[in-house]
Amino acid sequence: MTEATGSTMPPRRSLGKRIAVGVVGLLLAWAIVAYFAMPDWWRHYFRRHPNLEDVPRVTHTKDGIPGDPLNVALVGTQDQVMKIMVAAKWYPADPLTLKCCLEIAEATVLRRPYETAPVSNLFLFGRKEDLAFEHPVGHDPRKRHHVRFWKTDKLDDDGRPVWIGAAIYDEHVGFSKTTGQITHVTGAYIDKERDKLFDDLTATGDMEESYFIDGFHTIREGKYGGGDPWYTDGRLLVGIITAK
């Protein structure tokens, strides 16, 4: 006589219990992310991306007239800023002296390049620019790309300062609409010059990261110190130089 054999199955968890366990797991994961991971991520983010909300948006001339709008920033030591700018073929501008002014006039008449021609002084934080660079355009000294930088009191998590700047394009020489003085007539679309500078810097291989701060400018058009118009999409482009 053959006896029927059978196997006993372990009791299955109820659907409700499985759902409860899943909910508890999700709540635990959310708590870890919300109270530990995200705050730590944001602390790290802001150490690497200093807050620039209290930085002025526009420079001024020595007469107090609104000048170039700010559109770029770099994070790095002064040596790192100078190294990456020169590597990108943006050269330090000469100090503004009578001799340099005469050399500019001579270069303009003879149409020969002047790679380190001085830039006029603009003011931010109550002082003139700390660094100034320019990139020549062909052999015509009347045209040039240039940027002024001011050192801020902002630091990244490595203690390196933030340099805020205005990258502007000089189209030709003309007369200032505000003072009547001879000056460079500047290009209106500052975003194009902002992007040009960062294209050159990125090509050096020494830029660790770059990012935009949207809405940096809420007023998106204005006039330079010479009276020429400028326009922007309102974004500030920030670059973090590779620490070496």
*Asks:* OG/Ser120 to NZ/Lys128 distance, rounded to the nearest 0.5 angstrom?
*Replies:* 11.5 Å

*Asks:* Between Tyr169 and Glu193, which heavy-atom pair has the shortest distance, and what is it?
*Replies:* CB-OE1, 3.5 Å

*Asks:* Minimum heavy-atom separation for Asp200 to Trp90, with atom names?
*Replies:* OD2-NE1, 2.9 Å

*Asks:* Mind checking the CG-CG spacing from Asp157 to Leu155? Nearest 0.5 Å is all I need.
*Replies:* 10.0 Å

*Asks:* Are side-chain heavy atoms of Ile164 and Leu236 found at a separation under 4.5 Å?
*Replies:* yes

*Asks:* Is any NZ, NE, NH1 or NH2 atom of the basic residue among Asp195 and Arg235 found under 4.0 Å from an Asp or Glu carboxylate oxygen of the other?
*Replies:* no

*Asks:* Are more than 12 heavy atoms from other residues, nucleotides or ligands located less than 6.0 Å from atom OH of Tyr189?
*Replies:* no

*Asks:* May I ask whether Val81 and Val86 are part of the same hydrophobic cluster, defined by side-chain heavy atoms of I, L, V, M, F, W, Y residues being less than 4.5 angstrom apart, directly or through others?
*Replies:* no

*Asks:* Pairs in or reaching into residues 65-86: which pass salt bridge (Lys or Arg N to Asp or Glu O under 4.0 Å), with residues at least two apart or in two chains?
*Replies:* Asp68-Arg148

*Asks:* Taking the side chain as every heavy atom from C-beta outward, state whether Pro69 and Thr232 have any pair of such atoms under 4.5 Å apart.
*Replies:* no

*Asks:* Whether the side chain of Asn71 engages the backbone of Ala167 through a donor-acceptor N/O pair (distance < 3.5 Å, no angle test) should be reported.
*Replies:* yes

*Asks:* Can you tell me how far apart CG (Asp130) and CH2 (Trp150) are? Round to the nearest 0.5 Å.
*Replies:* 8.5 Å

*Asks:* Could you check whether any side-chain heavy atom of Val147 comes within less than 4.5 Å of a side-chain heavy atom of Met85, counting everything from C-beta outward?
*Replies:* yes

*Asks:* Hey, is the main chain of Val162 close enough, under 3.5 Å, to the side chain of Thr152 for a donor-acceptor pair?
*Replies:* yes

*Asks:* State, with a plain yes or no, whether a side-chain heavy atom of Phe125 is found less than 4.5 Å away from one of Lys151.
*Replies:* no

*Asks:* Side-chain donor-acceptor pairs under 3.5 Å in residues 212-223, sequence neighbours left out?
*Replies:*
residue: His217; atom: NE2; partner: Leu70; partner atom: O; Å: 2.6
residue: Arg220; atom: NH1; partner: Asp233; partner atom: O; Å: 3.1

*Asks:* Compare every heavy atom of Gly205 with every heavy atom of Thr242, then report the nearest pair and how far apart it is.
*Replies:* OG1-O, 4.5 Å

*Asks:* Output the distance between atom CD1 (Ile168) and atom OG1 (Thr59), rounded to the nearest 0.5 Å.
*Replies:* 8.0 Å

*Asks:* Rounded to the nearest 0.5 Å, what separation is found between the CZ atom of Phe123 and the CG atom of Asp63?
*Replies:* 9.0 Å

*Asks:* Just by modelled atom types, is the Asp158 backbone N or O under 3.5 Å from a matching donor or acceptor in the Asp156 side chain?
*Replies:* yes

*Asks:* Is the NZ atom of Lys154 crowded by more than 12 outside heavy atoms at less than 6.0 Å?
*Replies:* yes

*Asks:* Under 3.5 Å, side chain of Gln80 to main-chain N/O of Ala243, donor-acceptor pair present?
*Replies:* no

*Asks:* Would Leu237 end up clustered with Leu131 when hydrophobic side chains under 4.5 Å apart are linked, directly or stepwise?
*Replies:* yes

*Asks:* What distance separates Arg57 CZ from Leu124 CG, expressed to the nearest 0.5 Å?
*Replies:* 11.0 Å

*Asks:* Taking the side chain as every heavy atom from C-beta outward, state whether Asp170 and His146 have any pair of such atoms under 4.5 Å apart.
*Replies:* yes

*Asks:* With the side chain counted from C-beta on, respond yes when Arg144 and Pro136 share a heavy-atom pair under 4.5 Å apart, and no when they do not.
*Replies:* no

*Asks:* What I'd like to find out is whether the side chain of Leu201 reaches to under 4.5 Å of the side chain of Leu74, using heavy atoms alone.
*Replies:* yes

*Asks:* Going hydrophobic residue to hydrophobic residue with side-chain gaps under 4.5 angstrom, can you get from Met82 over to Ile241?
*Replies:* yes

*Asks:* Do Tyr231 and Val58 land in one hydrophobic cluster if side-chain heavy atoms of ILVMFWY residues count as linked below 4.5 Å?
*Replies:* no

*Asks:* Is the closest basic N to carboxylate O distance between Arg194 and Asp191 below 4.0 Å?
*Replies:* yes

